[in-house]
Amino acid sequence: GLITKYKGEKIMEFESISELKKLLAQNYKIEKVEPRMFTSDAEVNIVMVTLVSTDGKTQTIKAYREESHALREFVRNLH
């Protein structure tokens, strides 16, 4: 789903991206992205990002359809 934030202007952000930012801020690192990043977006309907914390806890974020493309794009731009 979408989360709407108001900071002078309306910013729409997918929940999965908000969740990913929150975990990265808590020192989680991205362990893997499925399907792999070189898979073409046209073939992707679901994306799963697995993160691991410094103490070994794992979290998985899932996104579907348009949200999955936005999440992949966000991860791509982290590097």
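Using modelled atom types, one side-chain atom of Glu67 and one backbone atom of Ser16 make a donor-acceptor pair closer than 3.5 Å. Side chain of His69 to backbone of Asn45: no donor-acceptor contact under 3.5 angstrom is found.
Rounded to the nearest 0.5 angstrom, Leu20 CG and Glu15 CD are separated by 13.5 Å. We find the CD1-NZ distance between Ile61 and Lys21 to be 12.0 Å, quoted to the nearest 0.5 Å. Rounding to the nearest 0.5 angstrom, the gap separating the CD atom in Glu19 from the CD atom in Glu13 is 11.0 Å. To the nearest 0.5 Å, atom NZ of residue Lys29 and atom OG of residue Ser53 are 10.5 Å apart. Separating the CD1 atom in Ile30 from the OG1 atom in Thr50 is a distance of 10.0 Å, to the nearest 0.5 Å. For the atom pair CD (Gln59) and CD (Glu31), the distance works out to 12.0 Å, reported to the nearest 0.5 Å.
Linking ILVMFWY residues whenever their side-chain heavy atoms come closer than 4.5 Å, directly or via other members, places Tyr28 and Phe74 in the same cluster. Linking Ile, Leu, Val, Met, Phe, Trp and Tyr residues whenever their side-chain heavy atoms come within less than 4.5 Å places Val75 and Leu24 in a single cluster. Using a 4.5 Å cut-off between side-chain heavy atoms of Ile, Leu, Val, Met, Phe, Trp and Tyr, with links allowed through other members, Val44 and Val49 fall into the same hydrophobic cluster. Connection of Phe14 to Leu78 is established within a shared hydrophobic cluster, with ILVMFWY side chains joined at heavy-atom distances below 4.5 Å, either directly or through further cluster members. A continuous path of hydrophobic side-chain contacts links Leu71 to Val33 [ILVMFWY only; heavy atoms under 4.5 Å].
Within the 4.5 Å cutoff, the side chain of Arg72 has heavy atoms near those of the Pro35 side chain.
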